[in-house]
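Report on the structure given below.
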Amino acid sequence: MRATEAFIPTLREIPAEADTISHQLLLRAGMLRKVAAGIYSILPLGHRVLLKIERIVREEMNRAGGIELLMPIIQPAEIWQQSGRWDVYGPEMFRLKDRHERGFCLGPTHEELITDLVGQEIKSYRQLPLLLYQIQNKYRDERRPRFGLLRGREFIMKDLYSFDIDEQGLEISYGKMYTAYSRIFDRCGLSIRVVEADPGAIGGGDTHEFMVMADTGEAEIIFCTACDYAADIEKAPCPVDGQPAAIEKQPLERVRTPGTRTVEEVAKYLGIPAMQVLKIMLYLADGEPVAVLIRGDRSVNEIKVQNYLQAIRLEIANAEDVAAKFGLPPGFAGPVGLQSQVRVLADNEVRHLANGVAGANEPDHHYRNVNYGRDYQVYAFDDFRVAREGDACPKCGQPVQLRRGIEVGQLFKLGTKYSKVLGATILDEGGKEVPMVMGCYGIGVTRTLAAAVEQGHDKDGIIWPYSIAPYEVVVIPVSQRDALQTNLAEALYQQLFASGIDAIYDNRAERTGVKFKDADLIGYPVRVVINDGSVVDRLVEVKWRNTGNVEKIPYADLCTYLRSKLVSNN
RNA sequence: CGGGGUGUAGCGCAGUUUGGUAGCGCGCUUGGUUUGGGACCAAGAGGCCGGGAGUUCAAAUCUCCCCACCCCGACCA
């Protein structure tokens, strides 16, 4: 490609709409433009990156035995109604009607379609296992799209769905994908951390997330400083603390605490640490009142609560609900004397909290010296809190750390959740009809592109890994008006191209400084500069974007040299 | 969905308080001088001031309604 024939609209200034690095740089480097909130055009340069990522994904999916297919973006409502997710998905789903008033949606995912398809066509255990995948657009009407490509409403995903006879088969398929994913992100030049995660609404058993470590990531990851343990904070278990405090129980005492609604206010007013306060959170779990007790310095992990209760919806009770369902005035709730129909869940730490402070269920009053057993009962103790830095690793007991990450891939064991409701059954060896055992494995392709920029950039622009750079080499003559230089540049560009290296010749009538700035911004891994000396001494300058190293190379050896370096470093 | 903010040239912004003929920088066009890290001089082009309604002799500026976008929170296969 010659720059004069290309479409690479770079920007000098940072568009005001972007404040994440990847978003800013992709806009500035002329790879991305916004069409609407969370919806983007990917310009030719960005598209090349996307194609390279997709190619790696395809190669590894195929290597693992996957077969590619295409499914529609527009999906009929009926199949979603059949799986029950038409209602569960809520406003996240783009819905539309055709001229006959039939309901459709823009597919947020494809479990329903693929399960239906495979269920229709596959009847015998002899035809399994089957690994089918697609790379295509998916749609989610996010409440708040943000961070450019990291959280859009339209995005490209690779999804592979595995169909097996039984759990053992699923294990094998899952393992293949785990290996494939490791290879994919490795080949994309990304540094990845695999974490245990919560299965969430998609359901099923084990799940792993592939995270690109980056401060801008939305996911919080707990990982051990000593061993290889890592988990999404949504899931990260908190080990039970050892000993109950050997403190004598003091008599229960009712105190006036005017205007103290938050834990901080109560603790400050009474002059005690927040961890002495018994925090109570009131929820409606599928409409039923549930109270969760937790130490004042901790946060409730609502996912753990939801999973414990097997609830579809868990929401914080608002003031009306608190009055109607809990029979309480707002702000001063506590476990002592709660109505019996309210289920009380308590985090493990609460059991050891002696002589705590809790709301008295009447305005402006708290109890001191509240103790479990004597003063209140609970429905169940379990792990209901959010892990935090410094907690003990559940695997080895050493302190854990908290870092942020971008989820670029996730593996799920779906089991028979979808095959059962959609009737995707096979006859097993004994002639018995059984549901297929499924797994699903996603990679956010557009998100991976953005994550690569989050991970690879400096003050001057993007630093692409060689394997997914839009072009591997840019050729720049110092003078665009010196025919000796431009002839050499053109010749070298042709040679690079012919030898299979992705090269671009910046032949624009721009000053050298502009070309250098653009080259750094766009992030070509290699910059080849030709000056008036090059023609005489037959040397060109090779500058590496990632290290900044500059070398003089005989131009006769350029192709061979670059090819060996680019390949060996991938 | 709750809270906050911003909409003025392709991009970044001033002008709005106190109503009076639309500005700056970058980019773009033409000519000239330059040419190893976003050059310089000169001359130009480019605006429904987000949209609608109102107040006024007069509205980018005041009032009301709507829309879009951004940020924080909640939410998120």
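Keep in mind that this is a model prediction, so the values were computed, not measured. In the text below, chain A, chain B and the rest are named by the order of the sequence lines, each starting its count at 1.
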Return the value, rounded to whole Å, for the distance between atom [atom1] of [X] and atom [atom2] of [N].
X	N	atom1	atom2	value
A:Phe94	B:A77	CZ	P	16 Å
A:Met157	B:A77	CE	C1'	8 Å
A:Leu521	B:C26	CG	P	19 Å
A:Asn531	B:G37	CG	P	13 Å
A:Ile14	B:G38	CD1	P	17 Å
A:Gln480	B:U35	CD	C1'	11 Å
A:Leu484	B:U35	CG	P	18 Å
A:Ile443	B:A77	CD1	P	18 Å

Which whole number of Å gives the distance between the [atom1] atom of [N] and that of [M]?
N	M	atom1	answer
B:G31	B:C71	C1'	46 Å
B:A60	B:G47	C1'	11 Å
B:G15	B:U56	P	29 Å
B:U8	B:G50	P	6 Å
B:C24	B:C49	C1'	15 Å
B:C1	B:C75	C1'	9 Å
B:A22	B:A58	C1'	16 Å
B:A77	B:U16	C1'	47 Å

When we call it a touch if two heavy atoms are under 4.0 Å apart, what does [X] touch: a base, just sugar-phosphate, or nothing?
X	answer
A:Arg28	base
A:Asp19	sugar-phosphate
A:Glu218	nothing
A:Glu302	sugar-phosphate
A:Pro15	sugar-phosphate
A:Lys34	sugar-phosphate
A:Thr512	sugar-phosphate
A:Arg527	base
A:Ile476	nothing

Between [options], which nucleotide gets closest to the side-chain atoms of [X]?
X	options	value
A:Asp518	B:G37, B:G38, B:G36	B:G38
A:Lys517	B:C76, B:C70, B:G38	B:G38
A:Val514	B:G36, B:G38, B:C75	B:G38
A:Ala16	B:U34, B:G37, B:G12	B:G12

[X]/[Y] aromatic ring centres below 6.0 Å:
X	Y	value
A:Phe384	A:Tyr308	yes
A:Tyr555	A:Tyr561	no
A:Tyr40	A:His23	yes

Does a nitrogen or oxygen in the side chain of [X] sit under 4.0 Å from OP1 or OP2 of [N]?
X	N	result
A:Arg144	B:C72	yes
A:Arg12	B:G38	no
A:Arg143	B:C1	no

Earlier contact from the 5' end, RNA chain B, for A:Lys543 and A:Pro108:
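Final value for this comparison: A:Lys543.
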The residue, A:Arg153 or A:Glu13, whose nearest nucleotide of RNA chain B is more 5′ is A:Glu13
Are the side chains of A:Phe147 and A:Glu218 in contact, using a 4.5 Å heavy-atom criterion?
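Of all side-chain heavy-atom pairs linking A:Phe147 with A:Glu218, at least one is under 4.5 Å.
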May I ask you to check whether A:Tyr174 and A:His208 show a side-chain donor-acceptor distance below 3.5 Å?
yes
Cation-pi between A:Lys138 and A:Phe155: NZ/CZ under 6.0 Å from ring centre and within 45° of the ring axis?
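Relative to the ring axis of A:Phe155, which defines the angle, A:Lys138 lies outside at least one limit.
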Check whether A:Trp544 forms a cation-pi arrangement with A:Arg527 (NZ or CZ under 6.0 Å from the six-membered ring centre, at most 45° off the ring normal).
no
Need the pair for [N]. Rule: Watson-Crick or G-U wobble, both distances under 3.5 Å, any strand; none if unpaired.
N	value
B:U18	none
B:G44	B:C28
B:A58	none
B:A9	none
B:C64	B:G52
B:G2	B:C72

Distance-only, no hydrogens or angles: does the A:Lys543 side chain make a donor-acceptor pair with backbone N or O of A:Asn549 under 3.5 Å?
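Judged by distance alone, no pair lies under 3.5 Å.
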Not counting sequence neighbours, which residues clear ring pair (Phe, Tyr, Trp, His ring centres under 6.0 Å) with A:Phe94? List them please.
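If we apply the ring pair (Phe, Tyr, Trp, His ring centres under 6.0 Å) test to A:Phe94, skipping adjacent residues, there are no hits.
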hbond_proxy A:Glu510 side chain to B:G38 base (donor-acceptor, 3.5 Å cutoff):
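No.
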